[in-house]
Structure formats: structure tokens, C-alpha cells
Amino acid sequence: MTTTQHSPNSPPGYGATPLGQPETIKLILERSQRPTRTVPIRRVFLQREVGKSRAKSPGALAALVRRSAKRPLDLYLLLSAVTSSGDFSVTEWSTTWARSVGIFDETAGTAAVSRAWRVLKELNLITRARGEGGKSTITKLREDGSGRSYTSPGEGTGDPYFQLPYEYWEKDWHNTLSLPGKAMLLIASNERKLEFTLPQERMPDWYGISADTAGKGIRELMKHGILVQVGDEWFDTLKTRSGRGSRPVYGLWPPFTPRALGESTTGEEAATEVSSGVGPKD
């Protein structure tokens with residue numbers, strides 16, 4: 001007789017039980033057939049550049065954080081992983097997506113997934129259509145919320161992106177991290193440098209994330225050893241008696257250590273503050 005072992009993220013063992021969350025995600029990731037085992041995400045998902053001046057404006061991530069939309073973010077990241085080619089769409093049952101976020105009741109899961117897709121559709125990140133056999137076809141759109149068709153990033157200049165490794169799901173970080181932790185992991189990954197600063201007072205302007213939310217996310221990442229402080233950066237300021245201030249310098253620990261793809265970030269590196277209290281210059 002074969003005995004089935006269920007993980008904490010598996011459904012109760014009554015009869016022919018549905019596939020568990022880890023197993024469902026594993027099959028979804030395998031379906032993507034990405035040789036790099038990473039998910040490319042454009043910077044504009046976090047931060048747009050507006051107008052000829054290229055002024056920074058918060059991206060879709062800020063809207064998800066403001067709505068406390070943890071489940072829509074979870075589904076969006078997994079959708080980004082599986083839609084790797086063609087028209088960047090996937091046709092699947094709602095119950096499959098529900099299991100991927102740990103919901104095993106068919107009625108509750110279908111309703112929760114529908115609400116999550118609705119949020120993403122309102123942000124112009126996806127389209128949704130009826131598929132065959134009671135499935136839905138979800139098509140990924142450009143990360144900037146413009147409603148334009150998706151294309152693979154990095155195909156031209158001025159198209160910076162970062163990568164989220166499959167270990168994010170395989171090591172259960174998608175369940176472990178809170179929404180602030182996930183947001184700051186994406187923001188830190190966007191730096192694409194071994195060492196960088198994350199000035200919390202600038203997060204509202206740069207990413208639409210409150211300083212408190214950023215601080216909570218940073219502390220959570222450090223608690224789990226994902227983000228480590230590797231030093232301090234000194235800068236000129238009129239906010240201290242000495243005219244010198246300091247801020248932490250961070251690094252991401254493997255598997256989230258950045259890979260050298262896309263353009264390097266610009267604008268957040270300057271180590272100068274002005275008397276108005278504004279941080280490093282854009």
C-alpha cells in the first residue's frame with residue numbers, strides 16, 4: 001500500500017485530494033521551460049519614468065501594496081514565470097491558480113482567484129478571456145500598466161529589468177514573506193548591484209512605498225538573511241551638526257544576488273543631501 005505524505009501547504013486528506021501547493025507551483029514552473037530558471041521583470045513595474053525629463057513615478061507595485069493585494073502580487077509573479085514565449089498567455093483552471101496560493105476549497109478558491117485577476121486587470125497588467133473546458137486564458141501585458149502587448153525585456157536599449165529566481169518559490173519565500181517583505185525584495189533586486197543603499201525616506205517618491213512599509217520590509221529581509229548590511233555610506237548633509245551623515249549599505253544573499261543583465265540603475269547612487277531634507281539626487 002502506498003501512503004501519501006502531505007506538506008503543511010497541502011489540502012486535507014479526504015478521498016482523492018487535490019494536488020498540494022508546492023507540487024502545483026513546481027508543475028507551473030516546469031511548464032515555463034525557462035533555461036535560466038529566473039523571471040525577468042522590467043523596472044517599470046516598480047518605477048516609471050515620465051515625460052522628457054524622465055521624472056520618476058511609482059509603478060504598479062505601489063498600487064498593489066496600497067491595496068494590501070498580496071494574493072494578486074503572488075499570482076502576477078507566478079504568471080510572469082509561466083508566460084515565457086508566444087503571446088505570453090496561459091490557459092488554466094482557476095482551481096490550479098487557487099492551489100498555487102494555498103486555497104483548496106473549489107468555491108472559495110475560484111472566487112479568490114477571480115478577485116485577484118480583477119485587480120490585475122484594473123491595473124492593465126493582464127487581460128482575461130474564457131478558455132476551453134471551463135478554463136480562463138490570462139495574457140500578460142507590459143509591466144508599465146499602459147495596456148500594451150508584452151514583449152520580452154532586454155530586446156532594445158533603455159529597457160532595464162531584473163530577475164527573480166525560481167528559488168523564491170522553491171524555498172517557500174512566497175509563503176514566508178509578508179507583502180512589505182516581497183515589495184522590498186523586488187526593489188532591492190531592481191538595484192542589480194552587489195552593494196546598494198535603500199534610503200527609506202525616498203521610497204515614497206521613488207516607488208510609492210511608505211517609509212514605514214519600506215522599513216518593515218527591510219527588517220524582515222534582514223531577519224531571514226536575504227538582505228545583509230555590508231557597510232555604511234557617508235554623505236554630506238545640513239541635517240547634522242557635523243555636516244556628515246550615514247546610511248546602511250546592503251547586499252542580497254544568494255540566490256537573490258543580482259545577475260549582470262539589463263542596464264545598471266541610475267539616480268539612487270548620489271551620496272548628497274540638501275538642506276530641504278531631500279535624499280540622494282535623482
Side-chain angles (χ1 to χ4, degrees), residues 7-10 19-43 45-46 59-61 64-65 69-84 88 90 92 96-103 116 120 125-126 138 140 143 152-154 160-194 196 198 207 209 213-214 216-228 250-262:
S7 73
N9 296 316
S10 294
L19 198 64
Q21 183 191 32
E23 296 83 4
T24 298
I25 291 177
K26 180 176 183 291
L27 292 179
I28 291 175
L29 293 178
E30 288 176 350
R31 182 176 178 179
S32 71
Q33 297 184 335
R34 292 184 182 273
T36 61
R37 302 188 79 254
T38 61
V39 184
I41 302 172
R42 284 183 173 88
R43 183 197 299 173
F45 179 62
L46 313 179
L61 176 66
L64 293 173
V65 173
K70 181 175 180 289
R71 191 167 290 149
L73 177 60
D74 288 343
L75 286 176
Y76 179 74
L77 293 177
L78 198 54
L79 172 70
S80 296
V82 71
T83 50
S84 58
F88 299 98
V90 59
E92 194 50 79
T96 300
W97 294 112
R99 292 197 310 274
S100 77
V101 293
I103 305 175
L120 296 175
L125 294 173
I126 67 163
I138 309 299
K140 180 171 60 176
E143 297 100 325
S152 297
Y161 65 96
F162 60 95
Q163 297 179 66
L164 185 67
Y166 280 12
E167 287 90 343
Y168 172 76
W169 292 279
E170 293 169 346
K171 301 298 183 183
D172 206 40
W173 293 117
H174 63 292
N175 283 324
T176 302
L177 295 177
S178 67
L179 184 57
K182 293 176 181 181
M184 291 312 299
L185 174 60
L186 296 177
I187 289 172
S189 298
N190 176 56
E191 292 292 330
R192 292 178 301 282
K193 295 184 293 186
L194 294 178
F196 51 86
L198 295 170
Y207 298 106
I209 306 296
T213 296
K216 181 179 179 181
I218 289 171
R219 290 190 296 273
E220 183 178 9
L221 294 178
M222 294 186 70
K223 173 185 175 182
H224 292 298
I226 295 173
L227 187 74
V228 294
Y250 300 104
L252 283 169
W253 205 250
F256 298 106
T257 303
R259 305 189 183 195
L261 290 178

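Atom CG of L19 and atom CD1 of I25 lie 10.5 Å apart (nearest 0.5 Å). Here the straight-line distance linking atom OG1 of T96 with atom CG of L78 works out to 11.0 Å at 0.5 Å rounding.
For P72 against L64, the heavy-atom pair with the smallest separation is CB-CD2, 4.1 Å. For I28 against S100, the heavy-atom pair with the smallest separation is CD1-CB, 4.2 Å. Of all non-hydrogen atoms in L77 and Y168, the two that sit nearest each other are CD1-OH, 3.9 Å. Across all non-hydrogen atoms, the minimal contact from F45 to L125 is CE1-CD1, 4.1 Å. Counting all heavy atoms, side chain and backbone alike, L46 lies closest to I187 at CD1-CA, 3.9 Å.
The side-chain contact (heavy atoms from CB on, under 4.5 Å) check on S80 picks up V39, Y76, K140, with sequence neighbours excluded. With sequence neighbours left out, T257 forms a side-chain hydrogen bond (donor to acceptor under 3.5 Å, both in side chains) with no residue at all.
Within a 6.0 Å radius of CG in L27, more than 12 heavy atoms belonging to other residues, nucleotides or ligands are found.
Judged by distance alone, with hydrogens and angles left aside, the side-chain atoms of E143 form a donor-acceptor pair with the main-chain N or O of R42 at under 3.5 Å. A distance-only check finds no donor-acceptor pair linking the side chain of R37 to the backbone of P35 [under 3.5 Å]. For S84 (side chain) and R34 (main-chain N/O), no donor-acceptor pair under 3.5 Å exists by modelled atom type.
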(message) One pair to check against side-chain contact (heavy atoms from CB on, under 4.5 Å): L29 and V82. What are the steps and the verdict?
(response) CA-CA 6 Å; L29 293 178; V82 71; over 6 Å; no
(message) One pair to check against side-chain contact (heavy atoms from CB on, under 4.5 Å): H224 and W173. What are the steps and the verdict?
(response) CA-CA 10 Å; H224 292 298; W173 293 117; 3.7 Å; yes
(request) Let me see the working for L221 and Y250 under side-chain contact (heavy atoms from CB on, under 4.5 Å), right down to the final yes or no. (result) CA-CA 11 Å; L221 294 178; Y250 300 104; over 6 Å; no
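Residue pairs meeting the salt bridge (Lys or Arg N to Asp or Glu O under 4.0 Å) criterion with at least one member in residues 71-81, sequence neighbours excluded, are K70-D74, D74-K182.
Looking at heavy atoms from C-beta onward, K171 lies out of side-chain contact with P255 at the 4.5 angstrom threshold. Here the side chains of L227 and L185 are not in contact, with every heavy-atom distance at 4.5 Å or above.
Of the N and O atoms on the side chains of E220 and S178, at least one donor lies less than 3.5 Å from an acceptor on the other residue.
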